[in-house]
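Sequence lines set the chain letters: A, B, ... in the order given, protein chains first and strands last, and positions in each chain run from 1. Since this is a predicted model, take the numbers as computed values, not measurements. Worth knowing before you read on, the calculation uses all heavy atoms, side chains too, and leaves out hydrogens, waters and symmetry mates.
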Amino acid sequence: MRMSKLYLPTLKEEPAEAEIISHKLMLRAGLMRNHASGIYSYLPLGYKVIQKIEKIIRRHMDDSDAQEVLLPILQSSEIWKESKRWDRFGPLMIKFKDRKNREFCLGPTHEEVVTDLLRDEIRSYKDLPLNLYQIQTKVRDEIRPRFGVMRGREFTMKDAYSLDRDDEGLDESYQAMYNAYTNIFVDCGLETRAVEADTGAMGGKDSHEFMVLAESGEDKIAFCTNCEYAANIEKAESLVEKRTVNKEDKLEKIHTPGAATIKELEKFFDLPGEDMIKSVAYQADGEAVLALVRGDDELNEIKLANYLDVDNLEPASEEDIITHFKSSPGFIGPIGSKGVRIIADQRIENMESGITGANEKNYHYRGAKVGRDFEVETYLDLRLVREGDSCPSCSGKLEIKSGIEVGHIFKLGTKYSESMGASYLDENGRDKPVVMGSYGIGVTRLVAAAIEQNHDDYGICWPLAIAPYQIIILQLGNDDAVIDKANEIYQQLESAGLEVLVDDRKERAGVKFNDADLIGIPLRLTVGSRSLEAGVVEAKVRATGQELNFELSSVVKETTELLAKIK
RNA sequence: CGGAGCGUGGCGCAGUUUGGUAGCGCACCUGUUUUGGGAACAGGGGGUCGAAGGUUCAAAUCCUUUCGCUCCGACCA
């Protein structure tokens, strides 16, 4: 491609709308432009990168016997009501009515469509297993789109759906996808880590996320420094140490004016947070729930929501605390609570006693004991893991890092097949629900993640596999000899099947060098009168800065050889 | 949805406090000289100052309403 003809609007200055590096560079390097909040147009260079990624994805999906289809974006409300997600997804979906007043949404995902499509087709165990995938635009009315393409309202996703006869079949399909994903990300030149994940609104049991480690990531991941354990912090667990603290044995009500937070209580009593019982009040589908964690711990709401199995878990407002919990904000506690479900973290069980709110303004109890002074419904893991916690599988130390979720795989089980009636007849003629899995890759998010992982002060450093072009030839100056030579090399390389961009614009050298760095083409060849006099073209590897001179007579051969070594 | 900030040529910004008829840098067009890391000089084009309403002799500037964008939080596969 000739740059004189390429639509490539690069920006010299930082766009004001962008905050993180990948977003800035995607705008500056002319990959995309903003249309509205969280909605983008992809320009030629950006779309090339997307197509490269899609090609890699297709190859690995096809290799694992998945078959590509294309499902509708416009989806009828009926199937969503069947799966009970019309309300569950709620405002995340763009919903509207057609001229005949029928309800539709723009598909935020396609489980319902796939299930609907196949429930009438799958008759026999002989039709299974099956894995269908598509690369499609998804529409989600995110509450807060941000970081450019990282959390957009419209984005490209590869989603796949497996259908199996039973759990063993699902395990196999899941493992095949796990392997395919691992290979896809390696082939894209990305470093990812698979972590255990919560299943969220998708439902189901096992789930893994594929994370690109990056400061700007919206997710937190806990890793063991000693073994392979890695989990999203939403799901991560740690060993519960067996130790007892605070041996007060009588319950005592204490006037604690102005001490409402754990920090203030630590000061007031001159005791550490681990001697206190933190009580967090929630409204769970209208039911009052009090979650207890140790004072120095943070509550993991996802763990609580999973246990309660509710659609709506919201922190109780100050008003709720007064009316529903009959308490006082800042002084809430489990003692004397009526009509409130009390659920405790397992570490509370190890506490001999603790300091907790007295449900009365400016009062706390000291020496509160579970079983004697109050009862709990159950003990379970409710706490957010912290850096330095002990690993649940090997008791090594946990470390916490930020990551960008680029892939997510789920074992859905029979959630959709049962609610929507997708079943088959087994060998014995018995009707059984299809066992499903679902597998997603955020294609456009992957572009941003790749940039987060591969850039420097001058611009993007594309991994070769997903670079929009492999080679950029800089034609410096307007000497006929230079123009002819640049042209000749361009044509030779293209004939050799390489992807080449030639900067034939009437720009000064500095502009060309800077644009080349910005758009991040992996290999740069410079043709100018200086190098021609020396009988060479200069080669420079974008990512490493490595520089070489190629003899004019063997440019194609040497370029091909060098490319083979670049990642 | 709560909090904060911002909307002025394509991009980045000043001007708003204290109303007086719009400016800078980059980009763009023409010409000359340049030409290996974002050239210099000269000339030139382009903006109903997000929108609507109001106050005023006069509004980018003051008031009201509204729309959009960004950040923090809530929320969110």
A:D504 and A:K5 ion-paired at < 4.0 Å:
no

Given atom CG of A:L518 and atom C1' of B:G38, what is their separation to the nearest angstrom?
11 Å

Remember a base hit wins even if backbone is also touched, and classify A:E405 as base, sugar-phosphate or nothing at under 4.0 Å, heavy atoms.
sugar-phosphate

Start with the C-alpha distance between A:Y282 and A:E301, add both sets of side-chain angles, then the distance that settles side-chain contact (heavy atoms from CB on, under 4.5 Å), and finish with yes or no.
CA-CA 10 Å; A:Y282 282 93; A:E301 279 188 23; 2.9 Å; yes

Determine: side-chain N/O of A:R144 to OP1/OP2 of B:C71, distance under 4.0 Å, yes or no.
yes

If we count only N and O atoms by modelled type, under 3.5 Å, do the side chains of A:H408 and A:E405 hold a donor and an acceptor together?
yes

Could you run down nucleotides 32-37 of chain B 5' to 3' and tag each one B, S or - for protein heavy-atom contact under 4.0 Å?
--BSBB

Of A:P145 and A:E14, the one whose closest RNA chain B nucleotide lies more 5':
A:E14

For B:A77, does the base pair up with any side-chain atom of A:T109 as donor and acceptor (N or O, under 3.5 Å, distance only)?
yes

May I ask you to check whether A:Q136 and A:D159 show a side-chain donor-acceptor distance below 3.5 Å?
no

Which label fits A:Y174 and A:Y439: parallel for a plane angle under 30°, tilted from 30 to 60°, or perpendicular past 60°?
tilted

May I ask which nucleotide in the shown strands pairs with B:G10, Watson-Crick or G-U wobble, both distances under 3.5 Å?
B:C26

With a 3.5 Å cut-off and no angle check, do the side chains of A:N514 and A:R508 form a donor-acceptor pair?
no

Is it the case that the base of B:C76 and the side chain of A:R151 share a donor-acceptor contact (distance under 3.5 Å, atom types as modelled)?
yes

Show each protein N/O and nucleotides 5-9 of chain B N/O combination with a separation under 3.5 Å, one pair to a line.
none

Where does the angle between the aromatic ring planes of A:H208 and A:Y178 fall among parallel (under 30°), tilted (30 to 60°) and perpendicular (over 60°)?
perpendicular

What is the distance from CD1 of A:I143 to P of B:C71, rounded to the nearest Å?
15 Å

Please step through side-chain contact (heavy atoms from CB on, under 4.5 Å) for the pair A:Q75 and A:H110, ending with a clear verdict.
CA-CA 9 Å; A:Q75 303 178 2; A:H110 285 75; 3.1 Å; yes

Starting at the 5' end of RNA chain B and moving along, which residue's nearest nucleotide shows up first, A:G38 or A:K138?
A:G38

Let me know which of A:K278, A:R386, A:R383 forms a salt bridge (Lys or Arg N to Asp or Glu O under 4.0 Å) with A:E298.
A:K278

Rounded to the Å, how far apart are A:E13 CD and B:A14 P?
12 Å

If only side-chain N and O atoms count, and only distance matters, is there a donor-acceptor pair under 3.5 Å linking A:K158 with A:Y181?
yes

Can you tell me the distance, in whole Å, between the CD atom of A:E234 and the C1' atom of B:C76?
10 Å

Taking atom P in both B:G2 and B:U66, what distance in whole Å separates the two?
12 Å

Please state the P separation for the pair B:G44 and B:C49 - nearest whole angstrom.
25 Å

Between A:K512 and B:G38, is there a side-chain N or O to OP1/OP2 distance below 4.0 Å?
no

Determine the Euclidean distance between corresponding P atoms of B:A60 and B:U17; express it in Å to zero decimal places.
12 Å

Gap in Å between the two C1' atoms, one belonging to B:G47 and one to B:C11, rounded:
14 Å

Taking a pair to mean Watson-Crick or G-U wobble geometry with both distances below 3.5 Å, B:G2 pairs with B:C72

With the side chain of A:S37 defined as its heavy atoms from C-beta on, choose the nearest nucleotide among B:C71, B:C69, B:C76.
B:C69

